[in-house]
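Contents: one structure, followed by commentary.
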Amino acid sequence: MWGGRFEGGPSAIMREINASIPFDKALWRQDIAASKAHVAMLGACGIVAGEDAVLISEGLDKVAAEYEANGVPEDWDLEDIHMTTESRLTELIGPAAGRLHTARSRNDQVATDFRLWVRDSIDQIDAGLEALQVALVTRAGEHADSIMPGFTHLQTAQPVTLGHHLMAYYEMISRDRSRFADARKRMNRSPLGSAALAGTGFPIDRKMTAQALGFDAPTDNSLDSVSDRDFALDYLMAASQCSLHLSRLAEEFIIWASQPFGFVALPDALSTGSSIMPQKKNPDAAELVRGHAGRITGCLTALMMTMKGLPLAYSKDMQDDKPPVFEAASLLALSVAAMTGMVADTRFRTDRMRGAAELGFATATDLADWLVREGNIPFREAHHITGAAVKLAETRGLALDQLPLSDLKEIDSRIDERVFKALSVEASVAARNSHGGTAPDQVRLRVAEARSALGLE
Ligand code: ARG
């Protein structure tokens, strides 16, 4: 395709290091679509004769049908998906194929194809994230009243509801979806027609190709257009943040499935056994989701480092943009699917959760709050009084609400029998009815809002 000024061919090493076809063949659908939009525009603008434009377009359909049926052939001499397709087109329709590359370069071609691919990938991942949200709100609705310990520092802090805990992840995934949507909106401009770097002397219509490919408008600077990979970085940033959320959710399931916790029985379908210890049921899927977050953020770092310090405009380093994006996309899709299954099919052992919520003096804050409310005691003083009660209960081996009233009165005479109502875990969660709080009523409200946002009712 470019041999005109060369005497010798490339060495074996050159061919190998240069070839991107092993991975960029994944762009074939986008490459065909962009070429069809380009040639239709060349025909409409009179840059290529109408019959040649039709011939090329039909030829591209034939190439696409071959790829669909047999896969994309991998010939290193043809370097990449763009030359592979043009070469096959030439075999199929003859010299007219040579007119397709008028007023375009592989630089704007690959920038266009890759944007289209990332855009498609965002649409797919968004559907996956929506399914995960559906699973989360469904289980949260079932467990709006189920009480579990809430933790800070992984130490029992205050009782919360399982529904509230699950809805925390719904919020994270909402932000992930909005980050992907932002990225999609920002990237949806067409670089096609920027040509090699400086634009073209042919009277092209960039708005026409932009529109045909579903872009909002053409980009406005040809140098930037062929060398910008912000769209891929935005995507990887959103993917990385999403993977961090999934890793946290995975980690919760791993902890909850451990024997000392025993909060969940994970689905068999997402667990594995041990070849030596017959009793084991391991949370491998969750562990791999946790691990994949490392690889996905590694992909982000890889592309950031590739782009660092590159002068305008295109440099071949940028061919390395695709593997990290492809890798992150497939790892993220798998992670989302695994967590969706886990949320949907895990059995929550609410008896174990509730039992744990009653340990660790989880309602100590409720005693302090009661002293503030009923005794008009400043919170700092109430905190101190409660600390003394916890200390006494701990030495006696009792829960707070098992301490006799006489002992509590000895700590502070303003305490009376009404306090016991405030010390149950039910009272504790019901009291936290502030906007966004853990009270079952709040959780039901938020689940209802989420369900309607998801179009579930
Ligand atoms: N395979 C190349 C890539 O992915 C296409 C662009 C090649 N451009 C060039 N000037 N050699 O970046």
Side-chain angles (χ1 to χ4, degrees), residues 1-6 8-11 13-35 37-38 60 63 67 72-90 97-98 100-121 187 190-200 209 213 219 221-233 235-236 299 302-329:
M1 295 280 171
W2 42 254
R5 58 109 65 213
F6 284 77
S11 70
I13 298 290
M14 185 62 227
R15 286 166 68 237
E16 182 168 357
I17 200 171
N18 205 30
S20 56
I21 187 67
F23 53 84
D24 69 15
K25 61 185 185 178
L27 297 175
W28 75 260
R29 283 193 173 78
Q30 291 76 17
D31 194 64
I32 298 274
S35 286
H38 182 65
L60 286 166
V63 176
Y67 288 170
V72 179
E74 253 186 59
D75 178 351
W76 288 1
D77 284 327
L78 294 173
E79 287 186 32
D80 57 25
I81 184 61
H82 323 297
M83 305 232 279
T84 300
T85 299
E86 194 181 321
S87 153
R88 183 61 189 141
L89 184 69
T90 308
L100 169 60
H101 215 51
T102 315
R104 137 181 129 166
S105 145
R106 277 188 291 157
N107 295 351
D108 60 335
Q109 192 180 354
V110 73
T112 305
D113 295 358
F114 198 26
R115 274 189 202 229
L116 291 172
W117 191 94
V118 171
R119 197 178 70 182
D120 289 345
S121 177
M187 80 175 58
S190 173
L192 192 58
S194 300
L197 75 166
T200 176
T209 47
L213 294 169
T219 53
N221 181 297
S222 60
L223 289 167
D224 176 46
S225 304
V226 295
S227 57
D228 166 37
R229 293 295 180 271
D230 286 4
F231 62 94
L233 289 169
Y235 173 81
L236 287 172
C299 292
L303 185 54
M304 289 201 290
M305 290 303 98
T306 295
M307 297 308 294
K308 176 181 175 298
L310 286 186
L312 293 178
Y314 177 88
S315 297
K316 198 66 175 248
D317 317 39
M318 291 167 63
Q319 179 164 282
D320 279 347
D321 57 359
K322 287 166 280 298
V325 169
F326 294 161
E327 184 182 5

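First listed ligand is number 1; within each ligand, the first listed atom is number 1. Note: hydrogens, waters and symmetry copies are ignored here, and every other heavy atom, side chains too, is used.
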Could you measure the distance from the CZ atom of R29 to the CG atom of D113? Nearest 0.5 Å is fine. 13.5 Å

Identify the protein heavy atom lying closest to [atom], giving its residue, its atom name and the separation to 0.1 Å.
atom	result
atom 4 (O) of ligand 1	K322 NZ, 2.7 Å
atom 6 (C) of ligand 1	Y314 OH, 3.5 Å
atom 11 (N) of ligand 1	R106 NH2, 3.6 Å
atom 5 (C) of ligand 1	D80 OD2, 3.5 Å

Test item: R115 and Q30 side chains (from C-beta on) under 4.5 Å apart, heavy atoms: no

Proximal atoms of ligand 1 relative to S20 (non-hydrogen, under 4.0 Å): 1 (N)

Just by modelled atom types, is the G199 backbone N or O under 3.5 Å from a matching donor or acceptor in the S194 side chain?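 No, the answer is negative, given that no donor and acceptor are paired below the 3.5 Å cut-off.
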
I'd like to know if the side chain of H82 and the backbone of S105 have a donor-acceptor N/O pair within less than 3.5 Å. no

Out of V226, D320, N107, whose heavy atom sits nearest atom 8 (N) of ligand 1?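 That would be N107.
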
By ring pair (Phe, Tyr, Trp, His ring centres under 6.0 Å) - contacts of F23 (at least two apart): none

Given the rule in the side chain to side chain contact (heavy atoms under 4.5 Å, CB included) test, do N107 and L197 qualify, once you have shown the distances and angles that lead to the verdict? CA-CA 8 Å; N107 295 351; L197 75 166; 5.6 Å; no

Is Q319 close to ligand 1, meaning an N/O of one under 3.5 Å from an N/O of the other? yes

